[in-house]
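One structure below.
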Amino acid sequence: MHRIVFAFPVLEQHLNAVDRTPQVYRPVACVHCGCSDVWCHGRYHRKADRSAAGALNPIPVLRFRCRTCSRTCSRLPLCIAPHRWYNWADQQRVLLLLLAGCSQRRASAIFALGRHTVRRWWQRLGERSLSFEFHLRSRFGELGRSVDITEFWLRCLQRMPLCEAMAWLDGDGVCVP
Ligand SMILES: [Zn+2]
């Protein structure tokens with residue numbers, strides 16, 4: 001939680017920021033104890049460039065350490081999704097197709113994704129949606145009441161991309177995705 005920084009939807013922007021303005025990733029307070037004495041504590045690398053060549057991999061992710069409680073946290077840009085190798089934009093394309101009524105089998109074929117992956121994303125959204133909807137509606141009143149999960153997410157994704165919705169949720173302390 002509080003892992004996602006509300007910036008850098010494109011990997012190149014993230015790489016540039018890591019090199020030139022790493023302070024934009026520094027949390028104002030420790031996510032564990034709330035203390036403000038948080039400092040950069042190196043970086044780890046992960047795969048995040050999903051292009052065919054994957055030339056930007058491995059992608060550095062900055063880590064921070066609290067001087068009071070000694071715990072660490074890492075901070076992700078909008079272009080990298082926590083826990084998932086696919087970025088938010090890829091996930092959004094698949095979810096939109098499923099919300100429009102496409103079958104999981106067809107969606108996995110269209111995007112050349114494993115059926116398990118598509119099923120997992122869809123199930124996870126179903127499991128978490130009530131909590132997600134509650135928090136997003138609290139912030140964005142215009143999302144209003146929806147008759148079902150489909151209507152809510154179609155409206156939400158028209159209002160903002162999935163990466164932004166997830167960043168707001170993360171900022172509210174909700175575990176995403
Ligand atoms: Zn702390």
Side-chain angles (χ1 to χ4, degrees), residues 1-50 54-92 94-95 117 120-143 149 152-153 156-157 159-177:
M1 278 156 286
H2 307 287
R3 288 168 302 192
I4 304 174
V5 174
F6 218 106
F8 314 128
V10 177
L11 275 175
E12 282 83 354
Q13 297 168 337
H14 165 66
L15 292 174
N16 194 41
V18 165
D19 278 342
R20 296 186 188 180
T21 55
Q23 66 276 12
V24 300
Y25 279 106
R26 191 170 81 85
V28 289
C30 170
V31 299
H32 306 290
C33 75
C35 177
S36 61
D37 209 3
V38 182
W39 297 92
C40 197
H41 184 62
R43 54 179 73 181
Y44 73 91
H45 290 82
R46 56 167 281 180
K47 282 187 181 175
D49 179 4
R50 298 232 8 114
L56 297 177
N57 288 323
I59 303 288
V61 174
L62 295 180
R63 214 177 346 227
F64 295 85
R65 183 167 184 273
C66 171
R67 283 196 182 141
T68 303
C69 73
S70 297
R71 295 172 78 179
T72 61
C73 67
S74 56
R75 304 269 283 171
L76 294 171
L78 291 175
C79 56
I80 302 178
H83 308 306
R84 286 186 183 165
W85 152 232
Y86 293 90
N87 64 36
W88 293 120
D90 290 336
Q91 296 175 50
Q92 174 172 327
V94 172
L95 293 175
T117 303
R120 207 172 55 242
W121 292 355
W122 186 242
Q123 278 178 349
R124 179 75 180 163
L125 185 68
E127 288 161 11
R128 305 286 293 132
S129 196
L130 273 184
S131 166
F132 290 172
E133 289 177 39
F134 171 78
H135 285 275
L136 288 169
R137 274 204 196 95
S138 305
R139 191 178 288 280
F140 302 99
E142 70 272 25
L143 293 177
I149 178 173
F152 176 83
W153 286 103
C156 180
L157 294 174
R159 169 75 173 69
M160 69 190 98
L162 185 65
C163 63
E164 282 188 24
M166 293 296 146
W168 284 117
L169 290 167
D170 177 79
D172 283 343
V174 179
C175 188
V176 294

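Numbers for residues simply follow the sequence, beginning at 1. We count ligands from 1, going down the list as the structure has it; atoms in each ligand are counted the same way. These numbers come from a predicted model, not from an experiment.
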Exercise. Where do T68 and C35 come nearest, in terms of heavy atoms and distance?
Worked result: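 Result for this residue pair: OG1-SG, 2.8 Å.
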**OP:** Indicate if the distance from the Zn ion (ligand 1) to the nearest N, O or S atom of H32 falls below 2.8 Å.
**Re:**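 No.
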*asked:* Suppose we only count N/O/S atoms under 2.8 Å; would C35 qualify as near the Zn ion (ligand 1)?
replied: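 It does not; every qualifying atom lies at 2.8 Å or beyond.
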SG (C33) - the Zn ion (ligand 1) - SG (C30) angle, nearest 10° =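 The two atoms subtend 110° at the Zn ion (ligand 1).
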Report, rounded to 10°, the angle at the Zn ion (ligand 1) between the two atoms SG (C69) and SG (C66).
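An angle of 110° at the metal.
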| said: Quick check: do M166 and L78 have side-chain heavy atoms less than 4.5 Å from each other? | reply: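 Heavy-atom side-chain distance check fails, nothing below 4.5 Å.
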With a 6.0 Å cut-off (strictly less than), is the heavy-atom count around CZ of F134, excluding the residue itself, greater than 12?
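Open.
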Would you indicate whether R71, at its atom CZ, is surrounded by more than 12 heavy atoms from other residues, nucleotides or ligands within a distance under 6.0 Å?
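No, the 6.0 Å shell around CZ holds no more than 12 heavy atoms from other groups.
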